[in-house]
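This report concerns only the one structure given below.
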Amino acid sequence: CRTLYSLTCFWFHLKLLKPLFSDPRRNVLFIIADDLRTSLGCYGDVVVKSPNIDQLASHSYVFLNAYAQQAVCAPSRTSLLTSRRPDTTRLYDFKSYWRHHAGNYSTLPQYFKSHGYYTRSIGKVFHPGIASNHSDDYPYSWSVPAYHPASFAFEKKKVCRGADGQLHTNLLCAVEVCEQPMKTLPDIESTNEALSFLKSRINQDQPFFLAIGFHKPHIPFRIPKEFLSLYPLEHMSLAPDPDVPKQLPLVAYNPWTDIRLREDIQRLNLSFPFGPIPKDFQLKIRQHYFAAVSFLDAQVGRLLSALELMGLDQNTTVVFTSDHGWSLGEHGEWAKYSNFDIATRVPLLFYVPGLSDKNSKNDKKFQFIDVFGPAKTFTDGQEEENMVELVDVFPTLAHFSGLNVPKPCPEVSFQVELCREGQNRANDLTHQEKKKNMERIAVSQYPRPSDSPQENSDLPDLRDIRVMGYSLRLWDYRYTLWLGFDPSTFQVNLSDIHAGELYLMDSDPGQDHNVYEQNLHTAVTRRTGTLKNGNTTNSLKEKGNKQTRR
């Protein structure tokens, strides 16, 4: 009996001392939106109502100039989650799985899983389908199979009630949720599932990596109807640069083919490829997109407020980002599928307890804010202005989680399972003297099947790609070369220049005036031939410097 009593006392005292010996590793809440540009209050947008995301930003490191590596879902998400550029994943469309097609690369959640984390995927994290082996990369990346909301099955069905009272597959799809199949929407379902997961982890010792992928503001704009009231049409305005730049090379233009497939767009009888969409309908598209952002914000608010109520916020790093941006009439374009800032620039927030929130005065960081209530303003978080890329997320998050940062990839890394092509940006954030780094560069790229717009220009299959546009974004310019590409060898020929773009940011922040000089082709092609991977970036940067010096 005395022995039993002693063991009981030992167990009791061990329970009391448990906080001293508990796992010091932080949990991770990784939130990724779909097609979300930087139309948020924390990025200076004065129209969009995003109070919950703005509140998160006020306690976070805010990367003001973060760029995706390709402005389309599957290539961007695969690049982000492997820290490998599209030329290394060899995924430019939706129709291959990198482990079979390029190399057996470790992913961000896989890395955390290998370090003892319980990893969970909810919603759209990897792009579903062939691009993630029809399994969302389970069991490599996740401890259990990924969760997808059942109501997403109706996303492309006739569920949008039109002015005629009938149901259609429209672009504009504000709905009464109670009238929808299953009486819910995908992002509501995903949030509910995430809340259940968080509740189940309250008393667990094992750290978790929870990734939740929201479907909005991706088209169709299938959102609760009440969110439109936040954006009266009479208060909407057109894009400040709605015309196709006269000097824009045709290969650079995206003809927004998927938008044209929607019934309400088809009824407009638009000419291909330039439209234009009537101005009154443009206003409705912008209204619905912004309403979708506010709907997304409400779901983020539900998630973060629960994180705090459950006492998990002090031991959970939160990352919030998007796979790429979305055009709302800028340059006469809609959707993504381009190399412009509006399509490649994304929000990127890192909330790191004890670091990013060190200037926060309010203990209650994540109270839910009703977007329909009085407007709230927040002080800015710790802002980082220098260029960063989504491939930087993997190494930076590993650093903030106390894990070893994977080594940089060699120039050719197809046989290397674990390495990173991105940079660890944690030191930039914690360094006391933040300065504008004029040499910092972000690289994006986009494939085209031809030099002029055609039906498959937005999303060509790999076998149809003939031109690859590599775009370099530096502080003072965006420089793009459209180069010959061989899809059978995945090689680009730097001497085969189809077109060029150069936008000087000081005088042309909207990137509306292409000042690339065609007659400088010879002068800027000292390094020619067929190039791979990192060589392309270095060579293009050299060319861009030559152009700007002219």
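Model, not experiment: these values are computed from the prediction.
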Might you work through the side chain to side chain donor-acceptor pair (under 3.5 Å) test for E263 and T169, ending with a clear yes or no?
CA-CA 6 Å; E263 289 184 42; T169 54; 2.9 Å; yes
Yes or no on ring-ring contact (aromatic ring centres under 6.0 Å, His included) for F126 and W98, after CA distance, side-chain angles and deciding distance?
CA-CA 12 Å; F126 283 101; W98 76 92; 5.6 Å; yes
Would Y337 and D258 count as a side chain to side chain donor-acceptor pair (under 3.5 Å) here? Give the steps.
CA-CA 11 Å; Y337 313 124; D258 59 344; 2.9 Å; yes
Applying side-chain contact (heavy atoms from CB on, under 4.5 Å) to C73 and K124, what does each step give before you reach the verdict?
CA-CA 10 Å; C73 301; K124 185 179 178 182; 3.4 Å; yes
Can you check side chain to side chain donor-acceptor pair (under 3.5 Å) on S50 and D54, steps first, answer last?
CA-CA 6 Å; S50 54; D54 298 344; 3.1 Å; yes
Going through the checks in order, is the side-chain contact (heavy atoms from CB on, under 4.5 Å) test met by W334 and N254?
CA-CA 8 Å; W334 303 87; N254 73 279; 6.0 Å; no
Could you give me the CA-CA distance, side-chain angles and deciding distance for H115 and F112, then say whether ring-ring contact (aromatic ring centres under 6.0 Å, His included) is met?
CA-CA 5 Å; H115 283 79; F112 277 77; 7.7 Å; no
Test R120 against E193 for salt bridge (Lys or Arg N to Asp or Glu O under 4.0 Å), laying out the working first.
CA-CA 11 Å; R120 184 79 195 279; E193 181 70 17; 2.9 Å; yes
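In this structure, the side chain of D45 engages the main chain of V48 through a donor-acceptor pair within 3.5 Å. Under a 3.5 Å cut-off, the side chain of Y289 and the backbone N or O of H218 do not form any donor-acceptor pair. Side-chain N or O atoms of E384 include one that pairs as donor or acceptor with a backbone N or O of N386 at under 3.5 Å. A side-chain donor-acceptor contact under 3.5 Å links D458 to the backbone of T257. Of the possible donor and acceptor atoms, one in the side chain of D486 sits under 3.5 Å from a partner among the backbone N and O of S488. Distance alone, capped at 3.5 Å, places no donor-acceptor pair between the N65 side chain and the V388 backbone. Under the 3.5 Å distance criterion, the side-chain polar atoms of Q69 are left unmatched by any main-chain donor or acceptor of L80. The closest donor-acceptor contact from the side chain of T321 to the backbone of I32 lies at 3.5 Å or more, if one exists at all. The backbone N or O of L64 sits less than 3.5 Å from a side-chain atom of R345, completing a donor-acceptor pair. R420 places a side-chain N or O within 3.5 Å of a backbone atom of G422 that can act as its donor or acceptor partner.
There is a side-chain donor-acceptor pair under 3.5 Å between Y470 and D87. Side chains of D34 and H215: a donor-acceptor N/O pair is absent below 3.5 angstrom, by distance only. In this structure, a donor-acceptor pair under 3.5 Å is absent between the side chains of Y92 and D461. Inspection of the W256 and Y253 side chains reveals an N or O donor paired with an N or O acceptor under 3.5 Å. A donor-acceptor pair shorter than 3.5 Å cannot be found between the side chains of R302 and N52. Checking R478 against T344 by side-chain atom types alone, a donor-acceptor pair falls below 3.5 Å. Under 3.5 Å, the side chains of D136 and H148 contain a donor-acceptor pair of N or O atoms. Side chains of S141 and T107: a donor on one and an acceptor on the other come within 3.5 Å. Between the side chains of Q511 and D341, at least one donor N or O sits under 3.5 Å from an acceptor N or O. Of the N and O atoms on the side chains of S79 and Q70, not one donor lies less than 3.5 Å from an acceptor on the other residue. Residues N104 and R99 have side chains that bring a donor and an acceptor to within less than 3.5 angstrom of each other. Q110 and W142 share no donor-acceptor pair across their side chains, judged by distance under 3.5 Å alone. Side-chain contact, R84 with S413: a donor N or O sits under 3.5 Å from an acceptor N or O.
For the pair R473 and Y67, the cation-pi test (distance below 6.0 Å, angle within 45°) is failed. Taking the ring centre of F152 as origin, the terminal cationic atom of R222 falls outside the region bounded by 6.0 Å and 45° from the ring axis.
Salt bridge status for R260 with E455: absent, with no side-chain N to carboxylate O gap under 4.0 Å. With salt bridges taken as basic N to acidic carboxylate O contacts below 4.0 Å, none links R262 and D264. Using a 4.0 Å cut-off between charged side-chain N and carboxylate O, E330 and R37 make a salt bridge. Residues R440 and D428 are paired through a salt bridge, judged by an N-O separation under 4.0 Å between the basic side chain and the carboxylate. Salt bridge absent: D187 and K216 never bring a charged side-chain N and a carboxylate O closer than 4.0 Å. Taking the charged nitrogens against the carboxylate oxygens, D297 and K49 have no contact shorter than 4.0 Å, which rules out a salt bridge.
Closest of all the heavy-atom pairs between P128 and S132 is CA-OG, 3.8 Å. In plain terms, the two heavy atoms of A74 and D93 that are nearest each other are CB-O, 3.8 Å. Shown here for E501 and W482, the closest heavy-atom pair between the two residues is OE2-NE1, 2.8 Å. Between T316 and L29, the shortest heavy-atom distance links the atoms CG2-N, 3.8 Å. Pairing each heavy atom of S444 with each of A68, the nearest pair is OG-O, 2.7 Å. Contact between L312 and L198 at its shortest, heavy atoms only, is CD1-O, 3.9 Å.
In this structure, the side chains of Q454 and P273 stay at 4.5 Å or more apart for every pair of heavy atoms. At least one side-chain heavy atom of Y118 sits less than 4.5 Å from a side-chain heavy atom of V144.
Screening I31, L210, L81 for a side-chain contact (heavy atoms from CB on, under 4.5 Å) with V125, the sole residue that qualifies is L81. Among F209, F208, Y147, the one residue that satisfies the ring pair (Phe, Tyr, Trp, His ring centres under 6.0 Å) test with F197 is F208.
Annotation: the span from Y479 atom OH to L481 atom CG amounts to 3.5 Å, rounded to 0.5 Å.
Applying the ring-ring contact (aromatic ring centres under 6.0 Å, His included) test to every pair with at least one member in residues 293-324, sequence neighbours left out, gives these pairs: F227-F295.
In this structure, F350 has its ring center at least 6.0 angstrom away from the ring center of Y61.
Atom NZ of K158 is surrounded by more than 12 heavy atoms from other residues, nucleotides or ligands within 6.0 Å.
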